[in-house]
Structures are given as C-alpha cells and as structure tokens.
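What follows is a set of notes on a single structure, which appears directly below.
Proteins get letters first, then strands, A, B, ... in listed order; numbering begins at 1 in each.
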Amino acid sequence: SEDVGEYALRLGDDALILAQRLGHWISRAPELEEDVALGNIALDQLGHARSLLTYAGAAWGKTEDELAYFRREPEFRSAHLFEQPNGDFAVTIVRQFIVSYYQYELYRRLTASTDATVAAIAAKAVKEVDYHRDHSAQWVLRLALGTDESRSRLLAGLRLLWPYVGELFEDDALTARLGDAAVAPSSMRADFDRLTNEVLTEAEIDVPDVPSALGGGRRGQHSEHLGYILAEMQVLAREYPGASW
Amino acid sequence: SEDVGEYALRLGDDALILAQRLGHWISRAPELEEDVALGNIALDQLGHARSLLTYAGAAWGKTEDELAYFRREPEFRSAHLFEQPNGDFAVTIVRQFIVSYYQYELYRRLTASTDATVAAIAAKAVKEVDYHRDHSAQWVLRLALGTDESRSRLLAGLRLLWPYVGELFEDDALTARLGDAAVAPSSMRADFDRLTNEVLTEAEIDVPDVPSALGGGRRGQHSEHLGYILAEMQVLAREYPGASW
Amino acid sequence: DAGQAYFDHVMAEDSRIEPRDWMPDAYRRTLVRQISQHAHSEIIGMQPEANWISRAPSLKRKAILMAKVQDEAGHGLYLYSAAETLGTSRDEMMGQLVAGKARYSSIFNYPTVTWADMGAIGWMVDGAAICNQVPLCRASYGPYGRAMVRVCKEESFHQRQGFEILLELANGNPAQKQMAQDAVNRWYAPSLMMFGPPDDDSPNSKQSMAWNIKRFSNDELRSRFVGMMAEQVRVLGLSLPDPEVRFNEDTKTWEHGPLDWEEFKQVLAGRGPCNAQRLERRRQAHDDGGWVREAATAYAAKMAAKNEAAA
Amino acid sequence: DAGQAYFDHVMAEDSRIEPRDWMPDAYRRTLVRQISQHAHSEIIGMQPEANWISRAPSLKRKAILMAKVQDEAGHGLYLYSAAETLGTSRDEMMGQLVAGKARYSSIFNYPTVTWADMGAIGWMVDGAAICNQVPLCRASYGPYGRAMVRVCKEESFHQRQGFEILLELANGNPAQKQMAQDAVNRWYAPSLMMFGPPDDDSPNSKQSMAWNIKRFSNDELRSRFVGMMAEQVRVLGLSLPDPEVRFNEDTKTWEHGPLDWEEFKQVLAGRGPCNAQRLERRRQAHDDGGWVREAATAYAAKMAAKNEAAA
C-alpha cells in the first residue's frame, strides 16, 4: 500500500543519507581499521536503503534509483539527525551511537511486522545494526575515558546532536494508520533511553540537557544540509537522465 | 573573434571559480573585517568574471549565465590554482597572494590590449586587483612574522600551492595567435617572481622548492575539485533550465 | 545630581546622549544589551543567506546576495563599535555570543531551504527589521542612532532586492511561483513575531520608551508591517497565509490572525530548527580564526616595538 | 655461515623464508621497501576512487565502489602486517608515507575526472596490478606471498567490476560511450608504465629475480598485459589509443608503441597532477586522527591497568 511505501521511504531515506555521509570517511578515517569499519557500516546502511527503497518504489512503480536520484529535497523523508555533517570523528561516533541504538530497537520490533517484506528486511538489518551498536558503544567508551581532548570532543558531539533524538521517536498519523505493520516510534523511547544510558553511565557521562530541535523531516522539512548532499549525490545521474550505468 | 572569446573564457573562468571559493568564507572568516575584505575580493572577481564571460559569450551567442551554469567540466578553462580548496586561512591567503600578483601583471599589460573590450575590462580590474595584492601581502607578513603557528601554517600553504604557479605562465598556441590582443603568459613570470620575492624576503621566507604540477586547465583538464564546485554552483540553474531569476 | 538632571533634561528634550555624558547604569546596561543583540543578529543573520551564495541561480543574483551578506558583516561592525563606546569590548560581546549566553533575533534559527527564501528574507525579514529600526535612527544614544542611519539605508536597498527576487519567481514558471508562495508562507508568521511579544506581555517596553530607545510598541510596529506586506503582496501576485489580515476602518490599523507564541518561545528557548547549528557554526569560525587573530596581534606588537626602537 | 647457506638453499629450491629465519640484510630491506610501497599504494590508491563514491550514478554502483575502496584499506592492512613481520612497525611506515619519504605507485597521481575512470581504473590499473602481483603469490618471503594470494583474489573481482562499468558505458548513449573511450585513452599509457621502466633501464630487477621476489621482467609483464587489453577492448567495442599494438608472430609477444618515459619520471619525481593533493589528504587524515588514536591507546592502557589491579 502507499502507506507502507511511505513508511519504507522514511526508513530507506534515513539509511541512504547516512550511507552517503559515512562514505565520506572511507580514505579519511583515523586509522585503517576504521576505514574498514565505517565502510562496512556505510555498506550495510546502503544495503538497507536499497531494500527499503525498492520496496517503497513498488507502491508507485518506481525503481530504487528513480527514488534516490530523481526526487527533490521536499520529497525526501529522512530525519534531521541523518543529515547532520560528519564533523570530527567524535561527532560521527555520537551520530552512530544514536542511530544504531534507535535502528536496533526499530528493526528488532519490525521483525514482527504484519507486512512480510518489512519483516524480512528488518530481520536481516537487525543483525547488522547490532554490530553497529557495538562499534559505536566501544568508541563512546574509548573517547569518553581516553584523554581529556577525546572526552571534551565527545561531550561537544553529544551536545550538538542530542537535540535531534526527539524527532526519531515522534508518532504521527502514518504510524498510527499502519498499526502493527509499523512501530509506534514513541513506544521505543524507553528502551532507547535505558540502553544508551547504560553506555553513557559506564562512560561517566550524563545525558546532555539540551532542548529538542523541531524536526519535520518526515514531512519533507529538512535541515539546510540536505540540499548539498543531494546536489552531490544526484549530479551525475541527473546529468544523463534515462541512462543506464 | 573566437580566439578572443576563448581567451576571455580562460580569464573569466579563473575569476568565477575563485569567486565561488572565496564566497565560502563570508560568515566564516577569522574576524568580521575579513568577512568584509574577502567578500569584497570575491565580489570584484565575480564582477570581472561577469564582464569576461559576457564578452566571451558574444563570440558564440551565449549569455554569461549560459556559460557559467550550462557548461560541463571539460568546457571550463580555469587553471588548477583557482580550483584548489580554501584550506585554512593561510592556504586561502597563499592562493590570494599568488593569484593577485599574477592577475595584477596580467591586467596591467592587458590595459594595452589591441582588443578594446579586453583593454577596458583590464583597466577596471587592475585597480581592484592592486588592492587584492596589498591585502594578501599584508597577511603574508602578519602570518609569517606573527606566531610560530601562523608561520608554520603559512609555510605549509606555500608548499601546497606553489606547484600550481607554473601553469599560470605557460604559453600556448592561442596566446601566440592572439599576439598583442593578449599577453604571453611567460613574459610576466620575471615580474611576478621579483615582486612576490620582495614580499617573501620581507617575510623571511624562501620561495618553496617544490616541483611544478602538470596543469592542463586551459585545455579542459581539471583537478578533481572542479566537479564538486560545479555540482554545487550549477545545481539550481540546471534544475530549472530556461528559467529566469 | 547634575548628571541625572542633565540626562533627564536630554530625555525630556528628546535630544542625544553621547559616550562621555553621564548616564544611569540601567540605561547603559539596557543599551549594551540591545545594541549587542542587534549586532549578534547581523552576524548570525549572515548564515541563512550565505547558505545560498554558492548556489545562486544567476551570476547577477550571486553578486547581489554576496554583497548583501557582506553588508551584514559591516552592520555588525558598526553596531559593535557603537556598543564599545559604552565600555564593553567586541571580544567580550563575541565571547558571550559563542558561549551561547547572548541573544540574537530568533528569526535566524529558521532554515533557508529554497532559493525563494532569499526573496522572503529580504522582503519580509528585512522589511520587519526596517519597521523596527527606522525609529531607532532617533534613539537617544548618539552612536546608536547614527549607526542605525547607515544600517537602515542599506536595509531598504536589501528589501527591494528581496522583493525583486520574489517578483521574478512569481512571474516565472509554475514551480518557481510555487517556490515563492511557499517561502512567503513559511516566513510570514516568524517575521511578524520579530516585533516581540504582544504589548500586554512585553514588560521592558515601558522603560525603553521613557529612555527614547524605543518609539512605538511591538503591536503598533507589527500592525504597520502587516499593512505594508498586505499591499505589496498583491503586486507580487502572491498571498499571505493569513485570511484574517484586514484594515480596521474603526481603529485605522491593520489586523492579523493569531500567532503561535508557543512556537516563538520554543525557538527563543533554543528549540528552533537551527539554533544549535547557527551557534556551532559561529563558534567554529571563531575558534578556527583564533590563531589568525593571535598572529595579527603578535605581528602588530612586533611592528610597534620596532617603530619604538627606531624612533 | 649456516644462515646464509640455508637462505641460499631456500632460494635454489624456490621455497619460502619465514619471519624467524635468517635472511641477508639487503633482502630484508628490499622486501620492507617493496611491501610497504605496495601497502602505501593501496592506501593512496583509495583516494582516486573514493572521489566518486558520493556521486556514483546508481545505488548498485555506489555499493560496489564503496566495497572496493574498503577492500583496498583491507589490502593495506594485510600488507603492513606482512612488512611488520620484518621488524618495521606500521606507525613507522605510515610516518614515512605522510612525511613524503616513501614511494607509492605513480598511477594514483592522476585525477579521476569522470565516472568512466572508475571503469578504467578497475579494468586497466587493477588489471596491470594483477599481472604484476599474481607471480608474487609465489614470492620467497612467506608472509608476503600469502598476503598476495588474498589480495589477488579480490583484485580480479575488482577488475571484472571495472570491465562491467566500461561495458555498460560503451553500450550506453553516445556521451557515455565517449566518456568510456576518453577514460581508456587517458589511463592506457599510465597503466602500461605501472610495470616500471624498460628492462634495459631497470637496475634492481636482477637481484630481485635472484631472490624470487620478482619472477618476470618489466617488459615481459607489460607485453602480457598489452595482449590482455588488446583482446578485451574488442569486447567493449572501444579501442586502445595506440595504433602500434600488435602480436608479433615471430617473438610470440605483444608489442606496443613508444611510451613517454619523461612524463613517467616527472610524475615519479612529484610533478604528477595530484601528487601534492594525495599526500596532503593522507597527511590530513593522519593528523586529524591523531587524537583518536591517542584516546584509543590511553583507554586500552587504563583498561589493562584495571584488569591487572582486579587480578
């Protein structure tokens, strides 16, 4: 249905934009092991994006590439967190930390989706995202307890990105209509808070006390960053519309 | 003639790409005075670009905007130096230092071009570029003689960008054919060397001993940076071809 | 005492206080806060527009936009200078801004997502700023009033340019017209809220009026602005997203529909779409520029010592 | 002595030396240089391809390209590990690379200006690398040979993917086909030069052959590679930019036209189009990552101390 398509589009756009962001680290990471690790995560996200966009496209007779390369900014459904710049390694790790704990709760529940395709995609994704969770949590600990500099950069990253957590857990008419085919975002918040808190506690960090940003990504209202991401991502495909690659 | 058009295109593309690079500093400069100063320089360069592209376009019946927004990368004629990333403030200052001393010699001679339009554009530009020269020389001195950090950043910037100096002074068939309508690039090298050397000597710096890069911008062979610059610069104009703004 | 008497006299005469004149501490503090907030707004206000410099769709528009954002840096400079005459240094004010301890106009915490936002900001946001600022050209503190004269002259130029951007879009293809209408819709309420809370919820206004650093109430200015917009939007062939805008023949003022003051407070409290981003970007530029400012200072000191030695 | 005798025996038998075996200093030094250069090439070689990850024109191609560049980081890891068994640490080798004191394959100093370069690099550059590397799977130093086995397996996968990119373009619209041909033209000569200077100008080759860390001469490998290209390019429906490519029936080898060894030397000497950029980018990544590596080290030390205390 179009509703399921729209839902898949949200999740797919999150993953696609994140993959695009993470891909930038490959050849620029602090050590080779991280070129490999961040590359793996980017590839996983891109894989999820492809499955989700392919499924979403089925609702409107479009391919994954038509959706990725020929939609304009207000037609994207990514949440603001995924669009945020990489910043330094600490900012990227904080983004990963939030994303992976959120996506784990999401995909874990979606394995029981009444929509069989969504359930199948989630079943594959949840295992990969579990590894992303572990990767980010390890780095949160290393940076928090490593040196003064790494701790202060991590704290800055947390203050910078925590405002975008709220949007991930907002219910709306679509998630309500979808019922058990989807997950009510707000229903995941408690588990997200509990599990991220466990890591932050071990890292001797308090959850940042920062106001929540307004969001709007699910309605096509994006941060100023998305336009730049799309300009770069779509430039070649748009230059040769209809071409095959 | 088409030859003059091609020549104006080279100069115009240099100025356009530099304006695009410098424009990024506005709202990000180290102090407000520099937001204003770099903004002024960017505006001057953009002004030169518009005059030169308008004149170049006359040879092919195209407007400045058609040339700026609807050419592809190999059709651009900018030299590699202009495409180089802003880097830190020292890198930008080094780029400005090379560019403004080069452009000053160029426009000064072009005021005597046998092509009246080129001469008129040069007559206006040379005064503005003289100010750019002063601005960059002052900063070279401040950074060279300021603190250890500023000196070492300046030296790094010089090593990074000096390889791109050579391309600016290469003669080719076009400049040969144009004779006194243009300037033989190689004929400016001695004055450029002498005048930049005066500043570098006062700054207690030796001209960097680095190999020259291969260049090729005048033949449409560009650095990897230009594609990104154009993707961003052209995105909106290309999205609405034929629209008026 | 004599100082207070002179000050009161100046206020009564609607004349001007100059930097060396005696003034009440509260007057000084209020002015520093107001002028520095205004300066901060110019600086932070560069960001939403700088966001489109690289993507401006024609070279002419790119040049105009660049010049505009650069003017805003200039306004910041005049205003910080005016505030400095009251004994607070630019460094100190900048420090407060990047530490997140100073306010700036909330309007700049909204994102500029399309090119039409360049038009809407020029036409509506600068339009509202002008309504606010023209009376300040007669502010009782001399340096402030004089700075505002320069600022206002440039702002009205900017407003015209913003109007032109929207006019071109409104007369363009359907997608362009839609882009323009969409921008007007998004910026309408935030620009009305630029005049501050309704008069019955604006506690400091009375004192500022007495000191001649505020001339009209928030609601008076807002009403005047709505009237201006309502007339000009017809020229654009667009509409305001507020069916309740009308001229009240009885009160001879323009009226508008209710505004979402809850959102205003949210944004003011830091929950706007771009609060964190704007501040972080300013902080980054400030931090990244630290070594440059240090170098300039060190070089100036060396040159001064050299000249000293030579003299 | 006994060590030398055993070493000579291993060479004569074409068998393998392992890390704990005695080996001549010159052998060790040559290997460290060769393996680390190879590792550096993998690392620097990530950049020209990473340049197109964000702009890959389909999601499938994006995924393949990402995986490829990531594989190169993996190859770098295996190779640095192999070199470390000879007593030089990765840190030290990386330090030499970012200080500009180590070499890497010159081919990576050419820019990737179109998407078709992703195809040409895969097909030609990886193709040349495979010709070079397959014999190294039997290199006399055990860890090196074993690393090469893994590398070669992945490289041939990459080569096929590059071929596919070109095939798709060659069968695409005229602009795409032109893009493909243009990339083949640009990468042809540089990829032939990857095998190093002609045999009569390659002083170190003889010793390396004697040590079984080189199996065929530069010209032999180059000729084999040209033959491979000449056959495959017909499948692509494209052409090689060298009219002198032909199979010599007498010598049973492939021949090609003259190469511009002057350009090769220029690029080797640092005058390639991207030498400075590649090195600067690596240095930047290395420097930017310093605090992260320090944090990881400090954290590991703290955890070790904690475990110690608990034990």
Side-chain angles (χ1 to χ4, degrees), chain A residues 16 19-40 42-43 46-47 49-50 53-54 63-65 67-69 88-90 93 138-139 141-151 153-154 229 232-240 242-245, chain D residues 39 42-67 69-74 76-77 80 90 94 114-115 165 168-169 171-173 175-176 179 281-282 284-286 288-303:
Chain A
L16 175 60
Q20 187 72 1
R21 283 293 194 205
L22 287 175
H24 188 79
W25 276 108
I26 306 175
S27 75
R28 292 179 175 90
E31 52 189 28
L32 283 178
E33 286 80 354
E34 285 305 306
D35 283 297
V36 175
L38 292 172
N40 262 327
L43 273 167
L46 185 55
R50 294 183 64 192
L53 293 184
T54 298
T63 66
E64 57 174 13
D65 286 335
L67 289 177
Y69 292 98
D88 64 10
F89 187 72
I93 288 300
Q138 289 301 322
W139 272 113
L141 292 176
R142 283 191 202 105
L143 298 183
L145 306 174
T147 65
D148 287 349
E149 179 175 8
S150 67
R151 185 174 180 85
R153 284 178 184 262
L154 182 74
I229 297 175
E232 191 172 312
M233 183 172 86
Q234 300 180 333
V235 63
L236 183 57
R238 282 184 181 264
E239 212 174 313
Y240 298 91
S244 162
W245 304 94
Chain D
E42 295 284 354
I43 302 313
I44 297 288
M46 295 169 74
Q47 291 183 33
E49 293 177 290
N51 186 37
W52 284 89
I53 289 176
S54 68
R55 297 176 291 176
S58 79
L59 296 186
K60 179 181 148 197
R61 293 288 169 208
K62 189 190 288 283
I64 291 173
L65 184 59
M66 248 186 205
V69 182
Q70 194 211 23
D71 280 347
E72 287 158 6
L77 279 172
Y80 284 124
R90 197 210 304 183
M94 277 278 186
T114 71
W115 169 251
I165 289 175
E168 193 83 48
L169 291 173
N171 292 323
N173 64 42
Q176 286 179 300
M179 193 193 278
R281 160 90 163 273
R282 177 88 311 257
Q284 187 83 48
H286 189 78
D288 286 353
W291 69 269
V292 179
R293 294 189 300 274
E294 276 166 32
T297 307
Y299 178 75
K302 280 180 199 172
M303 288 304 106

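- With a 4.5 angstrom heavy-atom cutoff, N40(A) touches chain D via backbone and side-chain atoms both.
- E72(D) contributes atom CD, which lies 12.0 Å from atom CG of L32(A) (distance to the nearest 0.5 angstrom).
- Atom CZ of R151(A) is separated from atom OH of Y299(D) by 12.0 Å, given to the nearest 0.5 angstrom.
- At distances below 3.5 Å, at least one donor-acceptor pair connects side-chain atoms of Q176(D) with backbone N or O atoms of S244(A).
- Closest approach of A50(D) to S27(A), counting heavy atoms only: CB-OG, 3.6 Å.
- Atoms OG1 and CD, from T147(A) and E294(D) in turn, are 6.5 Å apart once rounded to the nearest 0.5 Å.
- Contact annotation for D288(D): neither backbone nor side-chain heavy atoms come within less than 4.5 Å of a heavy atom of chain A.
- Pairing each heavy atom of D35(A) with each of Q70(D), the nearest pair is O-CG, 4.1 Å.
- Between R50(A) and K60(D) the shortest side-chain heavy-atom distance falls below 4.5 Å.
- In terms of heavy atoms, S58(D) sits closest to D65(A) at CB-OD2, 3.2 Å.
- Contacts between A90(A) and chain D at a heavy-atom distance below 4.5 Å involve backbone atoms as well as side-chain atoms.
- The contact between V36(A) and chain D is made by backbone and side chain atoms together, counting heavy-atom distances below 4.5 Å.
- For the side chain to side chain contact (heavy atoms under 4.5 Å, CB included) criterion with S54(D), the lone passing option out of Q20(A), H24(A), R21(A), M233(A) is Q20(A).
- Looking at Y240(A), only its side chain comes within 4.5 Å of chain D, counting heavy atoms on both sides.
- Counting heavy-atom pairs closer than 4.5 Å to chain A, the top-ranked of the candidates Q284(D), R293(D), R281(D) is R281(D).
- We find the CD-CD1 distance between E232(A) and I53(D) to be 11.0 Å, quoted to the nearest 0.5 Å.
- The local environment of NZ in K302(D) is crowded, with over 12 non-hydrogen atoms from other residues, nucleotides or ligands closer than 6.0 Å.
- Looking at L53(A), the atoms closer than 4.5 Å to chain D (heavy atoms on both sides) all sit in the side chain, from C-beta outward.
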V292(D) and E31(A): CA distance, side-chain angles, deciding distance, side-chain contact (heavy atoms from CB on, under 4.5 Å) verdict:
CA-CA 9 Å; V292(D) 179; E31(A) 52 189 28; over 6 Å; no
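- Rounding to the nearest 0.5 angstrom, the gap separating the CG atom in L143(A) from the CH2 atom in W291(D) is 5.0 Å.
- The contact between E64(A) and chain D is made by backbone and side chain atoms together, counting heavy-atom distances below 4.5 Å.
- For chain D, the nearby part of W139(A) is the side chain; its heavy atoms alone come within less than 4.5 Å.
- Across M66(D), Q47(D), E49(D), a single residue satisfies side chain to side chain contact (heavy atoms under 4.5 Å, CB included) together with I26(A), and that is M66(D).
- In this structure, the side chain of R61(D) engages the main chain of W245(A) through a donor-acceptor pair within 3.5 Å.
- Among A295(D), A56(D), G172(D), P57(D), the residue making the largest number of heavy-atom pairs under 4.5 Å with chain A is P57(D).
- Proximity to chain A (any heavy atom under 4.5 Å) is restricted, for L169(D), to the side chain, taken from C-beta onward.
- Looking at A42(A), both its backbone and its side chain come within 4.5 Å of chain D, counting heavy atoms on both sides.
- By the 4.5 Å heavy-atom criterion applied to side chains, L59(D) and L16(A) are counted as neighbours.
- In this structure, the portion of I43(D) lying under 4.5 Å from any heavy atom of chain A is its side chain and not its backbone.
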